[in-house]
Amino acid sequence: MGTVPFLCNPTLALHRDASFLFFVETKHALVFAQLGQESVIRPCSSHSSAYLDKNHGGLPSIEHRGGSGVPNNSSKWELYRFFNESEVIRPYLPPTRIFSYSALNEFLSSYGSTYIKPDKEHTGKGIIKVWKNKKKYRFKKETGKERQCSTIDHLYRKLTRMTHNKLHIIQKTIPMARIKKRRFDIRVMMMRDIYEDWNYVGMIAKVAGPGSIINNVRRGGGYVKKADAALLKCFPNTQVEKMISEMIDLCYRICNYFNGFKKSWQIGIDLSIDRRGKIHLIEINYEEPSHHLFRRLKDKTMYNRIRRMAKRYKKGKR
């Protein structure tokens, strides 16, 4: 973000048949669980009429989650599983699985393009894009050179060497909106006030660098732009207004739901907008979401607001 909620130091056996064996030490017992094709988790049908109270975000009880408790790490896979349990957030999640031979074959057959991401890396580090082009399979890591393979077997061998047999997830590629042929996503900054209430502070567009498959500005060589200005390059004004409103509302729900995963006072939420205008949840940054990303804008209003919020919150906790 799998059948067990606590995924600590997994021992991973990579096989062509996509069988994964995890040994998990919990407080009360040593548990093992095998993850294979039966562990597939995909976004289910949207329950668009469901309404979640802003103060609760639709957080299910421990009993609703099968009495399994809450994941205690920053794993992308665990976060995916956690948010996939929310009927309101689930429709915004791209199809995601643990990387394996069968998952790679299925995703390329179904979607034609996919991303492979390290489970516990951030800032775009180690991300690989893989896609089919006629009878060839092509792949590229971050801003590196594009390479190709002629068979799925050869491709899988190459990818497992690149991933160093560490746990990775595989996600459907979102056909993101673009500015001058360069994809962009939206970072939304949410922060708590001294009363512990979540507040929307600002949003910014992160535009990918030339030749980069990632939108991380520092690692990918891209740039930032005001979110509304970026969206208006792709969509009409009335649609942009609705998208911004929906993103802010979604981020409040995400933050309130996230309260059940881990306590955090600031969260940077990465959302992508596809070419049809649909919003997708890409990543949650809750450890040290970048403030200086907003400083890159010429207009420092949002950056100054973030700094003031941070200062007030920290002062109030002394």
Side-chain angles (χ1 to χ4, degrees), residues 1 16 18 37 40-44 76-77 79-80 84 90-119 121-163 166-186 205-216 219-222 230 234 270-283:
M1 225 181 232
R16 178 189 171 99
Q37 292 188 3
V40 174
I41 298 180
R42 286 200 188 89
C44 301
K76 288 184 175 69
W77 176 244
L79 278 169
Y80 176 82
N84 195 59
R90 185 187 304 137
Y92 294 94
L93 299 174
T96 303
R97 279 180 59 183
I98 293 175
F99 173 65
S100 67
Y101 179 90
S102 62
L104 176 67
N105 193 23
E106 178 187 331
F107 273 48
L108 288 175
S109 297
S110 299
Y111 310 122
S113 179
T114 186
Y115 273 79
I116 298 167
K117 303 178 179 181
D119 188 51
E121 293 287 357
H122 301 282
T123 69
K125 184 178 180 180
I127 291 180
I128 306 167
K129 183 179 181 181
V130 185
W131 67 100
K132 287 179 70 173
N133 187 352
K134 297 181 180 179
K135 295 183 179 181
K136 298 287 186 180
Y137 297 94
R138 300 182 183 274
F139 62 99
K140 181 175 182 175
K141 184 174 181 179
E142 296 178 23
T143 58
K145 183 179 179 181
E146 183 181 312
R147 302 164 68 185
Q148 69 178 32
C149 294
S150 56
T151 68
I152 190 75
D153 291 42
H154 186 207
L155 173 66
Y156 182 69
R157 288 196 298 271
K158 289 277 190 182
L159 294 174
T160 51
R161 283 198 289 268
M162 293 173 70
T163 58
K166 293 182 179 180
L167 185 65
H168 282 61
I169 62 169
I170 184 169
Q171 286 185 333
K172 174 187 175 182
T173 296
I174 304 301
M176 292 186 182
R178 295 173 181 257
I179 298 175
K180 295 181 179 179
K181 298 184 179 181
R182 289 160 67 172
R183 43 185 276 151
F184 70 89
D185 63 16
I186 305 294
K206 300 180 295 172
V207 185
S212 175
I213 64 160
I214 59 176
N215 291 359
N216 181 271
R219 186 177 294 276
C234 308
D270 290 335
L271 304 173
S272 74
I273 313 294
D274 67 27
R275 294 169 190 172
R276 298 177 301 170
K278 178 176 169 55
I279 298 168
H280 305 264
L281 173 58
I282 301 301
E283 189 164 358

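Residue indices begin at 1 and follow the sequence shown. For the numbers below, each heavy atom of this structure counts, side chains included, while hydrogens, waters and symmetry mates do not.
Other residues, nucleotides and ligands contribute more than 12 heavy atoms inside 6.0 Å of the CZ atom of Arg161.
Closest heavy-atom contact between Gly126 and Lys141: CA-CE, 3.7 Å. Across every non-hydrogen atom of Phe139 and Val130, the tightest pair is CB-CG2, 4.0 Å. Closest approach of Cys234 to Phe184, counting heavy atoms only: SG-CE2, 3.8 Å. Listed here is the closest heavy atom pair of Ile152 and Tyr101: CG2-OH, 3.3 Å. Counting all heavy atoms, side chain and backbone alike, Lys172 lies closest to Pro94 at O-CB, 4.3 Å. Lys166 and His168 make their closest contact through O-ND1, 2.8 Å (heavy atoms, listed as atom of the first residue, atom of the second, distance).
A donor-acceptor pair is defined here as one N or O able to donate and one able to accept, closer than 3.5 Å; such a pair exists between the side chain of Arg182 and the backbone of Ala208. Put simply, the side chain of Thr163 gets close to the backbone of Thr160: a donor and an acceptor are under 3.5 Å apart. Side-chain atoms of Arg90 come within 3.5 Å of backbone atoms of Asn84 as a donor-acceptor pair (strictly under, hydrogens ignored). The backbone N or O of Gln171 sits nowhere less than 3.5 Å from a side-chain atom of Lys117 that would complete a donor-acceptor pair.
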Practice problem: Start with the C-alpha distance between Tyr111 and Thr173, add both sets of side-chain angles, then the distance that settles side-chain contact (heavy atoms from CB on, under 4.5 Å), and finish with yes or no. | Solution: CA-CA 8 Å; Tyr111 310 122; Thr173 296; over 6 Å; no
Practice problem: Assess whether side-chain contact (heavy atoms from CB on, under 4.5 Å) is satisfied between Arg157 and Cys149, documenting all intermediate values. | Solution: CA-CA 10 Å; Arg157 288 196 298 271; Cys149 294; over 6 Å; no
Exercise. Kindly indicate, with the supporting measurements, whether the criterion side-chain contact (heavy atoms from CB on, under 4.5 Å) is fulfilled by Ser113 and Lys132.
Key: CA-CA 6 Å; Ser113 179; Lys132 287 179 70 173; over 6 Å; no
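Taking the centre of each ring, Phe99 and Tyr156 come in below the 6.0 Å mark.
Between Arg138 and Lys129 the shortest side-chain heavy-atom distance does not fall below 4.5 Å. Using a 4.5 Å heavy-atom threshold, the side chains of Glu142 and Ser212 count as separate.
Note: Arg183 CZ to Ile273 CD1 = 12.5 Å, rounded to the nearest 0.5 Å. Note that NZ of Lys145 and NZ of Lys140 are 11.5 Å apart. Values are rounded to the nearest 0.5 Å. Taking NZ of Lys278 as the reference point, atom OG of Ser272 lies at 9.5 Å (rounded to 0.5 Å). The line from CG of Leu104 to CG of Asp153 is 10.0 Å long, rounded to the nearest 0.5 Å.
Only one option out of Ile116, Thr96, Leu79 pairs with Ile169 in a side-chain contact (heavy atoms from CB on, under 4.5 Å); it is Thr96. Of the candidates Asp274, Ile186, Leu271, Ile174, Ile279 forms a side-chain contact (heavy atoms from CB on, under 4.5 Å) with just one, namely Leu271.
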